[in-house]
**Student:** 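Sharing a structure with you now.
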Amino acid sequence: MKKKVLSALLALTLLLCSAPAASADSSTPQGLELVQALGILVGDENGNLNLGGSVTRAQFTKMMTMSSSYRNSVGGGSGYSVFSDVKSTHWASEYIRVAVDEGWVVGYVDGSFRPEGSIKLEEACSALLKMLGYDSSSLAGSFPTAQLNKAASIGLLDGVDAQRGDALTRGQCVTIFANLLTCQTSSGQTYASTIGLTVTNGQVDYASIINADTHGPFVADASGAVIPMDGSVTVYRDGALSSLGAIRQYDVYYYHTGLRTVW
């Protein structure tokens, strides 16, 4: 029992000490840990992040919502919809509702939203600039040149290897959303501070996010670990990838709601 407690505490210590700017290799996007901690990007049922995969318009609205002040209050489906191709039961209907209500995104003239369509670089820049409070009066030129130029000038595109017309990958979105958090809003504030995150010397305090969303220690009962998370959950046991089914009675565990991780 003591060994398992020590292992869990060690895992927690390692997680708290992880630096969000560090990259395991050149293929790991900068800011990945931070974006994961906020729930902006999550893995599939096997914990795979699929960083080379494409991002749909529906998925992008979820990323925006999770990087906003709505991140802890909005779920998935059951949101009303005004679009012909988004039913209220669509998994992203609530995220789409928030994004539309806030004016971050719009649908098409035919009344559709095209949730499965790929999000392009210029569309992403346009939406995120609106999140930052930049309206048309602060942009010089026409779409999409004006949006791309403004996004580049405020650092939103730092480290993003995409060009006009490109459909964004999950990895590219990681970088864009990590940049978003430290960009200046139209009123001159660091964006992360406007959504309740702690910012120190222009950087988001990663440890404060982990501390806020980490729960435990708990002791598993005869039925295993009890956690208030549904869907994809990543489980580590003694530092190795595992599963909820591997947790036994009296095991000591922690869970992190943002990372959707149990260890």
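Worth knowing before you read on, the calculation uses all heavy atoms, side chains too, and leaves out hydrogens, waters and symmetry mates.
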**Student:** Look at the side chain of Arg71 and the backbone N and O of Thr65, then say whether any donor-acceptor pair between them is shorter than 3.5 Å.
**Tutor:**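 Answer holds: no.
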
**Student:** Under a 4.5 Å cut-off applied to non-hydrogen side-chain atoms, are Phe177 and Ser67 in contact?
**Tutor:** yes

**Student:** Go through the structure and list residues passing side-chain contact (heavy atoms from CB on, under 4.5 Å) with Asp101, not counting sequence neighbours.
**Tutor:** Tyr80, Arg97

**Student:** Are Leu181 and Val199 connected, step by step, through hydrophobic side chains (Ile, Leu, Val, Met, Phe, Trp, Tyr) whose heavy atoms are closer than 4.5 Å?
**Tutor:** no

**Student:** About how many Å separate CD of Gln203 and OG1 of Thr198, when rounded to the nearest 0.5 Å?
**Tutor:** 13.5 Å

**Student:** Counting only heavy atoms not in Tyr70, do more than 12 fall under 6.0 Å of its OH?
**Tutor:** no

**Student:** Have a look at Leu180 and tell me which of Ile40, Leu128, Val35 forms a side chain to side chain contact (heavy atoms under 4.5 Å, CB included) with it.
**Tutor:** Leu128

**Student:** Leu168 and Ala124: which non-hydrogen atoms are nearest, and at how many Å?
**Tutor:**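 Looks like CD1-CB, 3.6 Å.
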
**Student:** With sequence neighbours left out, which residue pairs that include part of residues 125-144 fulfil the side chain to side chain donor-acceptor pair (under 3.5 Å) condition?
**Tutor:** Asp135-Ser137

**Student:** Tell me, please, which residues at least two apart from Glu116 pass side-chain contact (heavy atoms from CB on, under 4.5 Å).
**Tutor:**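 Only Thr56, His90 meet the side-chain contact (heavy atoms from CB on, under 4.5 Å) criterion with Glu116.
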
**Student:** Any non-hydrogen side-chain atom of Leu139 less than 4.5 Å from a side-chain atom of Leu129?
**Tutor:** yes

**Student:** As a quick check of understanding, evaluate side-chain contact (heavy atoms from CB on, under 4.5 Å) for Glu123 and Arg57, giving each step before the final call.
**Tutor:** CA-CA 9 Å; Glu123 294 172 331; Arg57 284 168 54 84; 4.3 Å; yes

**Student:** Identify each donor-acceptor pair in which a side-chain atom of residues 151-166 lies under 3.5 Å from a protein atom, sequence neighbours left out, and give them as a table.
**Tutor:**
unit_1 : atom_1 : unit_2 : atom_2 : d
Ser153 : OG     : Lys150 : O      : 2.8
Asp161 : OD1    : Gln172 : NE2    : 3.2
Asp166 : OD2    : Gln163 : N      : 2.8

**Student:** Does any part of the side chain of Val55, heavy atoms only, come nearer than 4.5 Å to the side chain of Met63, both counted from C-beta?
**Tutor:**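 Yes, their side chains come closer than 4.5 Å.
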
**Student:** Got a second to check how far Ser81's OG is from Lys87's NZ, nearest 0.5 Å?
**Tutor:**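 Reported to 0.5 Å precision, the distance equals 11.0 Å.
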
**Student:** Do the side chains of Trp104 and Tyr108 join up, straight or via other hydrophobic residues, at under 4.5 Å, putting them in one cluster?
**Tutor:** no

**Student:** Applying side-chain hydrogen bond (donor to acceptor under 3.5 Å, both in side chains), name anything that partners Thr185, two or more places apart in sequence or on another chain.
**Tutor:** Ser187

**Student:** How far apart are the closest heavy atoms of Ala58 and Ala92, and which atoms are they?
**Tutor:**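 Closest pair (atom of Ala58, atom of Ala92, distance): CB-CB, 3.9 Å.
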
**Student:** With a 3.5 Å distance limit and no angle check, can you tell me whether Asp85 reaches the backbone of Phe113 through a side-chain donor-acceptor pair?
**Tutor:**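 Yes, because the side chain of Asp85 sits within donor-acceptor range (under 3.5 Å) of the backbone of Phe113.
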
**Student:** Between atom CD of Gln147 and atom CG of Leu121, what is the distance when rounded to the nearest 0.5 Å?
**Tutor:** 11.0 Å

**Student:** From Arg248 CZ over to Asp221 CG, what is the distance, rounded to the nearest 0.5 angstrom?
**Tutor:** 13.0 Å

**Student:** Under the salt bridge (Lys or Arg N to Asp or Glu O under 4.0 Å) definition, can you give me all pairs with a residue in residues 103-115, not counting sequence neighbours?
**Tutor:** Asp110-Arg114

**Student:** Does any non-hydrogen side-chain atom of Val219 lie less than 4.5 Å from one of Asp251?
**Tutor:** no

**Student:** When the aromatic ring centroids of Tyr95 and Phe60 are compared, is their separation below 6.0 Å?
**Tutor:** no

**Student:** For a quick test of reading the model, state the closest non-hydrogen atom pair linking Ser118 to Ala167 and the distance between them.
**Tutor:** CB-CB, 3.7 Å

**Student:** Hey, any chance Phe143 and Ile176 share a hydrophobic cluster, counting ILVMFWY side chains that come within less than 4.5 Å of each other, even indirectly?
**Tutor:** no

**Student:** Roughly how far apart are Leu197 CG and Ser193 OG, rounded to 0.5 Å?
**Tutor:**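 Spacing of CG (Leu197) from OG (Ser193) equals 8.5 Å.
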
**Student:** So if you build clusters from Ile, Leu, Val, Met, Phe, Trp, Tyr with side-chain heavy-atom gaps below 4.5 Å, do Phe83 and Val106 land together?
**Tutor:** no

**Student:** Which heavy atom of Thr169 sits nearest a heavy atom of Gly52, and at what distance?
**Tutor:**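 Result for this residue pair: CG2-O, 3.8 Å.
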
**Student:** If I compare all heavy atoms of Ile195 with all of Ser69, which pair ends up nearest, and what's the gap?
**Tutor:** CG2-N, 3.6 Å

**Student:** Could you measure the distance from the CD1 atom of Ile96 to the OG1 atom of Thr61? Nearest 0.5 Å is fine.
**Tutor:** 4.5 Å

**Student:** Verify the cluster assignment for Leu51 and Leu38: are they in a single hydrophobic cluster under the rule of side-chain heavy atoms below 4.5 Å apart?
**Tutor:** yes

**Student:** Give the C-alpha distance, both sets of side-chain angles, the deciding distance and a yes or no for side-chain contact (heavy atoms from CB on, under 4.5 Å) between Leu32 and Leu41.
**Tutor:** CA-CA 8 Å; Leu32 177 60; Leu41 183 79; 4.0 Å; yes

**Student:** Distance only, no hydrogens: is a donor on one side chain within 3.5 Å (strictly under) of an acceptor on the other, for Gln184 and Thr190?
**Tutor:**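 Gln184 vs Thr190: donor-acceptor pair found between side chains.
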
**Student:** Indicate the atoms forming the closest heavy-atom contact of Cys183 with Leu132, along with that distance.
**Tutor:** CB-CD1, 4.1 Å

